[in-house]
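Lettering follows sequence order; numbering is per chain, from 1. Please read these numbers as outputs of a predicted model, since none were measured by experiment.
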Amino acid sequence: MSTPTNLENAAPAAPSDFIRDIVAAHVSEHKYPRVHTRFPPEPNGYLHIGHAKSICLNFGIAREFGGICNLRMDDTNPTKEDIEYVESIQADVNWLIGGWAEDRLGLKQNGQTPEAKMVDGKTDFFVPPVFGTSEEERKHSAVKLEPFYASDYFDQIYEFAVALIQKGKAFVCDMPPDQMDDYRRNGKASPFRDRSVAENLDLFTRMKNDEFPDGTRVLRAKIEVDAANIWMRDPLIYRIKHADHHQTGGKWCIYPMYDFAHCLSDYIEGITHSICTLEFEVHRPLYDWILESLDLPRPLPHQYEFAKLIPSHTIVSKRKLITLVQEKIVTGWDDPRLPTISGIRRRGVTAEALRNFAYNIGVTKYISLTDVAVYEHAIRDDLNKRAQRRLAVLRPIKVVITNYPEGQVEELNAINNPENPISGGRKLPFSRELFIERDDFAEVPPPKFFRLKPGGEVRLKYAYIIKCEEVIKDTAGNLVELRCTADLDSKTGGATSGRKIKGTIHWVSAAHCVDAEVRLYDRLFTEAEPEKDGRDFKSVLNPHSLEVLTAKCEPSLKEASLEERYQFERLAYFALDLDSQPGKLVFNRTITLKDAWAKEAQKS
RNA sequence: UGCCCGAUGGUGUAACGGUAGCACAGCAGACUCUGAAUCUGUUUGUCGUGGUUCAAAUCCACGUCGGGCAACCA
């Protein structure tokens, strides 16, 4: 999005956490020629706010230490993955790192796969990154770039498996799945554990050549039968799966498991710091064992683990996100109520706000629940500096200024953003008939109410001080109109404009305003932990997570753009939605302004 | 049950043997042509018990509590 040029760069100078400390130590001792991280999502769902934390960590490190961060699709399970997700992941990553770390993004030339070369007399596989480009440059470049894919390495990973067999460190196991699980749980050796290298090679080749049905045979690493760490109990590294792959089509009927593919993918790409979440901690010995068993010529990557983000008042598990989408509880993966990156973006949150949030929450190994208020604060903080102020009335009541001439129109000066003087101003039409916010009038005012009330005065922002003279109701007793008089000398800058009036309210001119659909989003769940104590998250859905209204907007909003952010004064921040058409404005409420009055009103 | 990891105010995080700090939230006030923003003040904390030390959130031991893993998922 376009960024006002004079915005202070709110991004804090240098984040610090235990992983960056490790990287910094490696840099100072020149352990690696260059820091190289990676962000390796599986394309089986949309990226969410938890991934955003990981992206900010991995690209942040690349950025701070002059390194590179590869984007890699961790696509070793074709039955769960889809090209739709590959595409959404790229869009989301580009958006989040745009203008911040996009030049650290490691990609590869379209179709490029690792080549075998000799290093120190050993066969090696390596695929170099292309980096230092902006998204814009990539779009116009003749050389097409794309993410890395674990599936690009299936040939090499297969070779590594063969090498492991040849070293006597892997074997083909014919046990049925249930029995194998049972043996592993009980630390018993597979009866096939001691097959000869020749037989293993033959069987593995035949697995690859489509001679066996799914589930009949697997390749297992030969490590330890009864290791304390279950992941070291002769873990499975290749399985037969007759399924077309979104990248390799029908080429393979065997696919490597995560543990085998991931460390080797890291190695092939020259990754130095393989940063993942805590649940992989127990896999680390296996990660190291595989790489160390293969006698590889280049420095090995190492794995470091951190606690994933758990935000309050939402859910982040892919399976449950899918449920919300499929059961149409939300409108799609980019529903602005969802914690998906595409939903967050559509809601109007900027990438910078999301990055600042990621910085604020830090990185540790302690599993914690992050209060959504921290997230909301990051959004408000960003939007306050960025958003153009506008006047709009969500729930209108009509006001007639009885002492203002009929047919007269004044153009009043309004400031676009008091936080940002160079953002300039605009003209606001004022006339005899206006709309004000329903909540800004009370016939029977509660204590400390300093908005409009019968016989009371209030200031219209940028305009006059008005006094409520009469309340007009229909026969049913519903409020239809307020008749007010204005202090005609009190216009901003006028003789009596300095009068102390406690309340200032927003308004629009009835004859000049434009209608817009506004979608008022709120938290999707009413509870901080929707699934606390095994409760069904659907039982705590917030019934008011979306309210749609037609708002009365000042006319300048006709020129609203998708890139801009708006504050409807005294209400909330809004962004134009994708659904907007020429002549039909649709705004998403990104987040409300803090509302001290709501808190005060609740006390009484 | 085994193995691994963790524990600092309400929440999140810092302090790397030497004054427990910051942010969010809360509360009180100032300012205000946004009850926003801004500013000021403020409540609340080192899981427990021992030990080492002049000195422990930090090192050690034991315990308690919480979490992860035990998929032909990643």
Side-chain angles (χ1 to χ4, degrees), chain A residues 16-18 21 40-42 44 74-77 79-81 150 173 175-177 180-181 184-185 187 214-220 226-233 235-241 254-255 257-259 261-262 276-285 305 307 309 312 318 359-378 380-381 384-385 389 391 414-415 418-419 448-451 458-463 465 490 492-493 497-499 501-506 528 567-573 592-601:
Chain A
S16 167
D17 53 64
F18 77 98
D21 290 347
E42 184 188 16
N44 67 345
D74 203 0
D75 55 349
T76 57
N77 185 0
T79 58
K80 290 194 173 171
E81 297 155 11
C173 181
M175 281 200 284
M180 198 181 104
D181 287 351
R184 286 190 70 200
R185 255 194 295 275
D214 288 4
T216 54
R217 284 186 169 81
V218 296
L219 185 69
R220 289 226 250 164
D226 57 355
N229 181 343
I230 301 207
W231 287 102
M232 298 298 271
R233 316 240 263 232
L236 201 161
I237 57 176
Y238 252 101
R239 79 283 216 191
I240 302 171
K241 208 181 256 274
I254 58 171
Y255 293 95
M257 297 288 290
Y258 163 83
D259 287 294
H262 201 89
C276 61
T277 46
L278 248 28
E279 64 265 31
F280 295 100
E281 208 164 19
V282 286
H283 295 236
R284 190 177 348 119
E305 310 87 11
L309 170 65
S312 74
K318 276 184 191 168
Y359 169 78
N360 288 340
I361 59 174
V363 179
T364 67
K365 296 189 74 162
Y366 176 61
I367 299 167
S368 57
L369 181 75
T370 298
D371 193 331
V372 71
V374 179
Y375 173 62
E376 294 175 341
H377 174 262
R380 289 192 181 102
D381 189 50
N384 177 47
K385 284 177 265 180
R389 311 292 131 120
L391 301 189
I415 296 165
E419 305 285 328
K448 294 186 187 171
F449 185 84
F450 47 85
R451 302 174 184 182
V458 76
R459 187 189 304 275
L460 297 176
K461 177 103 182 178
Y462 299 125
I465 296 167
S490 68
T492 301
S497 69
R499 283 170 55 202
I501 297 292
K502 189 70 175 157
T504 300
I505 64 172
H506 59 280
Q567 183 198 100
F568 293 179
E569 288 210 38
R570 304 206 309 127
L571 297 171
Y573 294 101
T592 59
L593 254 32
K594 287 220 280 188
D595 189 351
W597 166 241
K599 221 178 277 176
E600 183 64 39

A/Ala596 backbone acceptor or donor facing A/Glu600 side chain under 3.5 Å: no
Whole-Å P distance, B/U64 and B/U49: 15 Å
Parallel, tilted or perpendicular: rings of A/Phe280 and A/Tyr258 (30°, 60°): tilted
Listed partners of A/Glu569 passing salt bridge (Lys or Arg N to Asp or Glu O under 4.0 Å), at least two apart: A/Lys461
Pairing residues for A/Asp214 by the side-chain contact (heavy atoms from CB on, under 4.5 Å) criterion, not counting sequence neighbours: A/Ile240, A/His242
Rounded distance in Å between the C1' positions of B/U42 and B/G50: 37 Å
Given RNA chain B, 5'-ward residue of the pair A/Asp371 and A/Val374, judged by closest heavy atom: A/Asp371
Euclidean distance for C1', B/U52 against B/C59 (whole angstrom): 8 Å
Where protein sits on nucleotides 63-74 of chain B, one letter per nucleotide: B base, S sugar-phosphate only, - none, heavy atoms under 4.0 Å: ----SBSBSBSB
5'-to-3' dot-bracket of RNA chain B (Watson-Crick, G-U; under 3.5 angstrom; crossing pairs as [ ]; | other strand): (((((((..((((....[..)))).(((((.......)))))....(((((..]....))))))))))))....
Residue list, side-chain contact (heavy atoms from CB on, under 4.5 Å) with A/Asp21, at least two apart or on another chain: A/Ser16
Partners meeting salt bridge (Lys or Arg N to Asp or Glu O under 4.0 Å) with A/Glu42 (sequence neighbours left out): none
Separation between the P atoms of B/U13 and B/U8, rounded to whole Å: 8 Å
Under-4.0 Å side-chain N/O to phosphate OP1/OP2 contact, A/Lys365 with B/C4: no
Sequence-distant partners of A/Asn229, side-chain contact (heavy atoms from CB on, under 4.5 Å), two or more places apart: A/Trp231, A/Met232, A/Val282, A/Pro285
Inter-nucleotide P distance (B/A61, B/G21), Å rounded: 30 Å
Polar side-chain atom of A/Arg499 near backbone of A/Ser490 as donor-acceptor pair, under 3.5 Å: no
Sugar-phosphate, base or nothing in reach of A/Thr79, heavy atoms under 4.0 Å: nothing
Results of salt bridge (Lys or Arg N to Asp or Glu O under 4.0 Å) for A/Arg284 - residues two or more places apart only: A/Glu305
Which residues share a side-chain contact (heavy atoms from CB on, under 4.5 Å) with A/Pro177, sequence neighbours left out: none
Min side-chain heavy-atom separation A/Ile361-A/Tyr375 under 4.5 Å: no
Distance, P atom - from B/G6 to B/G45, rounded to whole angstrom: 26 Å
Any residue meeting salt bridge (Lys or Arg N to Asp or Glu O under 4.0 Å) with A/Lys594, in chain and number order, not counting sequence neighbours: none
Interatomic distance at C1', B/U46 relative to B/A15, whole Å: 11 Å
List every contact pair, protein side and nucleotides 19-22 of chain B side both N or O, where the distance is under 3.5 Å.
none

Contact summary for A/Asp17 and A/Val363, nearest pair of heavy atoms: CB-O, 3.6 Å
Base-contact (B) and sugar-phosphate-only (S) positions in nucleotides 28-38 of chain B, heavy-atom cut-off under 4.0 Å, - elsewhere: S---BBBBSS-
Whole angstrom value for the distance that separates C1' of B/U1 from CG of A/Asp226: 16 Å
Check: A/Arg185 main-chain N/O paired with A/Arg233 side-chain donor or acceptor under 3.5 Å: yes
Whole-angstrom distance between B/U11 and B/A70, as gauged at atom C1': 32 Å
Sugar-phosphate only, base, or nothing, as touched by A/Ile465 at under 4.0 Å among non-hydrogen atoms: nothing
